[in-house]
Amino acid sequence: MTTLPLSFPHTNKRIFVTLGIAILAWLVAYNIIQPLADWISYSLLGLAPDSRLGTSLAFFLYDVPKILLLLSGMVFAISIVRTFFSPERTRALLGGKREGVGNVFAAMLGIVTPFCSCSAVPLFIGFVESGVPLGVTFSFLIAAPTINEVAVILLFGLFGWKVAALYIASGLVVAIFAGYVIGRFKMERYVEDFVWKIQHTGDVIEEKLTWTDRIERAWESVKEIVSKVWPYVVVGIAIGAAIHGYVPEDTLGSVLGRENWWSVPLAVLIGIPLYSNAAGIVPILGALIEKGASVGTSLAFMMSVIGLSLPEAVILKRVLKMPLLFTYFAVVAVAIMLIGYMFNLIL
Amino acid sequence: MEKKMLTIKILGSGCANCKRVEQIVRKVVEDMSFEAEIIKVTEYPDIMAYNIMSTPGLVINEKLVSSGRIPSSAEVTTFVVDALQAEGSS
C-alpha cells in the first residue's frame with residue numbers, strides 16, 4: 001500500500017478535526033469578547049460609558065479574556081515550533097561554534113529551545129562538559145528565561161508588536177553582550193569541580209515525533225502554562241486598571257522619569273529580589289509608563305524582574321562558585337542598565 | 001514462572017514536575033501490579049550520568065526512556081511493557 005505524503009493514518013485524522021474546531025472556536029471567542037465586555041458593563045450593569053468605573057470595568061472584562069485567549073493560541077503555536085528543538089539538539093548546534101558567533105547563536109536558540117528554570121543545572125552541565133564555551137552557555141542561560149513566550153505574548157497583546165519586537169531585540173542584546181563579557185573573564189575555574197568529572201553512560205534519546213505527538217504535547221503545555229499564569233494575568237490587569245483609573249497623571253515622573261539618572265539602576269536593583277511571573281508584571285508596566293515612568297526605566301525593571309531572579313541564583317549555586325555567580329548577576333545587571341539608559345536617551 | 005522485577009529511577013532535583021512523574025509511575029506500577037523498585041535520583045552528578053539535559057528524567061532498568069517532560073500514564077505503561085518484554089526475552 002502506498003501512502004501519499006500528506007495523508008495521515010485514520011487515527012490521526014481525528015486530532016486534526018479537533019484542532020480545526022478548536023481554531024474556529026478560538027476565532028469566534030476572540031471576536032465576541034469586545035461586544036460582550038461592553039454589553040456587560042454598559043447594558044447589564046447600566047454603567048455610563050464615560051464613567052471612570054464603567055471604562056475601567058469594560059477594559060478589564062475585555063483585556064483578561066483577550067490576553068488569556070492570546071496566551072492559549074500563541075503558546076500552542078510556539079510549543080509546536082519547540083517540538084522541533086530540544087536541548088540536546090541545541091547543544092549539538094552550539095558545539096562547534098566560536099565565541100562571538102556562538103553567543104549570537106546561543107541567544108537565538110535560547111528563544112526557541114524548551115526551557116524550564118528547574119532544568120538550568122542539567123542544561124548548564126550538559127553544555128559546558130560537551131565543550132560549549134562558558135560565555136556561550138551563559139548567553140543561552142540569559143536569553144532562555146528573559147525572552148520567554150509569556151512575556152512576549154503579553155507585550156504583544158497589551159502594547160502591540162513593535163514593543164514586543166523591541167523587547168526581544170533588547171533581550172538578545174543583553175544575552176549576547178553579557179555572555180560574551182563573561183566569556184572574556186575566563187572564569188572556568190569557578191565552575192564547581194564535579195561538573196568537569198561527570199561520566200556519561202547510555203545514549204541521548206532520539207525521539208521520532210508524529211504530528212499527533214506534537215499537537216498533544218503543545219496542548220499539554222497550553223494547559224500547564226495557562227493554568228499557572230492566569231491568576232497573575234487577572235491580578236496584574238486589575239492593578240493596571242486601578243492605576244490607570246485612579247492614580248493622577250505624572251505621579252511617577254519625578255522618581256521614574258528619564259531625567260533621574262539613578263532611576264535605571266534603582267529599577268534594576270528593585271527588580272532582582274522581586275520574582276514575578278511576566279504575566280503579572282507586564283500589565284502593571286503599561287500603567288506605570290502612562291503615569292510618567294520612562295520607557296527605558298520600565299523596560300530595565302521588567303528585564304530585571306524576569307531575567308535576574310534569586311530562585312534562579314539558588315539553583316545555579318549548585319554548579320557555580322560565588323565569584324562566577326556574582327559576576328553573572330553583575331554583568332547582566334549592567335547590560336540591562338545600559339539598555340535602559342539607551343532607551344531613555346533615544347525615546 | 002520466573003519473577004520479573006523492574007528498577008525504575010526518577011531523575012530530578014525535587015521540582016514539582018519530578019514529583020508528578022513519580023506519582024504517575026507509582027500509579028502505573030500499582031495498576032499493573034508488577035514488582036518494581038522505584039528510586040528517586042536527586043543529586044546532579046548521579047542525574048547527569050544518564051546524559052540528560054533537562055529534568056525530569058525517567059529510567060527503567062538503566063535505560064533512559066524520557067527526559068524533560070512529564071510522560072502520560074499511557075506512555076509510562078508502554079515503557080514498562082517494553083521493559084518487561086526485554087526482560088522476558090533475555
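In what follows, chains are A, B, ... by sequence order, proteins preceding strands, each numbered from 1. Just so it is clear, the model here is predicted, and its values are computed rather than measured.
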S.K.: Among A/Ile198, A/Thr90, A/Ile315, A/Val195, single out the residue with the greatest number of heavy-atom pairs under 4.5 Å to chain B.
M.R.: A/Ile198
S.K.: Applying side-chain hydrogen bond (donor to acceptor under 3.5 Å, both in side chains) as the test, list every pair that has at least one member in residues 123-134 of chain A; sequence neighbours left out.
M.R.: A/Glu129-A/His200
S.K.: Tell me whether A/Lys321 at atom NZ has more than 12 heavy atoms from other residues, nucleotides or ligands lying less than 6.0 Å away.
M.R.: yes
S.K.: Just how far is it from atom CD of A/Glu88 to atom CG of B/Asn51, taken to the nearest 0.5 Å?
M.R.: 7.5 Å
S.K.: Taking side chain as everything from C-beta outward and backbone as N, CA, C, O, which of these in A/Phe127 sits under 4.5 Å from a heavy atom of chain B? Side chain, backbone, both or neither.
M.R.: both
S.K.: Would you say CZ of A/Phe194 has more than 12 non-hydrogen atoms from neighbouring residues, nucleotides or ligands within 6.0 angstrom?
M.R.: yes
S.K.: Is the number of heavy atoms from other residues, nucleotides or ligands under 6.0 Å of A/Tyr180 OH greater than 12?
M.R.: no
S.K.: More than 12 non-hydrogen atoms from neighbouring residues, nucleotides or ligands closer than 6.0 Å to CZ on A/Phe329, yes or no?
M.R.: yes
S.K.: For the interface with chain B, which of A/Ser86, A/Pro114, A/Pro122 has the highest count of heavy-atom pairs at distances below 4.5 Å?
M.R.: A/Pro122
S.K.: Quick one: which residues of residues 65-81 of chain B reach chain A at under 4.5 angstrom, heavy atoms only?
M.R.: B/Val65, B/Ser66, B/Ser67, B/Arg69, B/Glu75
S.K.: Would you say B/Met53 and A/Ser119 make side-chain contact, with heavy atoms under 4.5 Å?
M.R.: no
S.K.: With a cut-off of 3.5 Å and sequence neighbours excluded, list every side-chain donor-acceptor pair involving residues 72-83 of chain A.
M.R.:
residue, atom, partner, partner atom, Å
A/Ser72, OG, A/Leu68, O, 2.6
A/Ser79, OG, A/Val75, O, 2.6
A/Ser79, OG, A/Ser221, OG, 2.9
A/Arg82, NE, A/Val112, O, 3.3
A/Arg82, NH1, A/Glu149, OE1, 3.3
A/Arg82, NH1, A/Glu149, OE2, 3.3
A/Arg82, NH2, A/Ile111, O, 2.8
A/Thr83, OG1, A/Ile80, O, 2.6
A/Thr83, OG1, A/Arg214, NH1, 3.1

S.K.: Hey, does A/Pro87 have a side-chain heavy atom less than 4.5 Å from the side chain of B/Ser54?
M.R.: yes
S.K.: Could you pull out all residues at least two apart from A/Thr18 that satisfy side chain to side chain donor-acceptor pair (under 3.5 Å)?
M.R.: none
S.K.: Distance from A/Ile125 atom CD1 to B/Met48 atom CE, nearest 0.5 Å?
M.R.: 5.0 Å
S.K.: Are there more than 12 heavy atoms of other residues, nucleotides or ligands under 6.0 Å from atom NZ of A/Lys97?
M.R.: yes
S.K.: At a 4.5 Å cut-off on heavy atoms, which part of A/Leu123 comes close to chain B: side chain, backbone, both, or neither?
M.R.: both
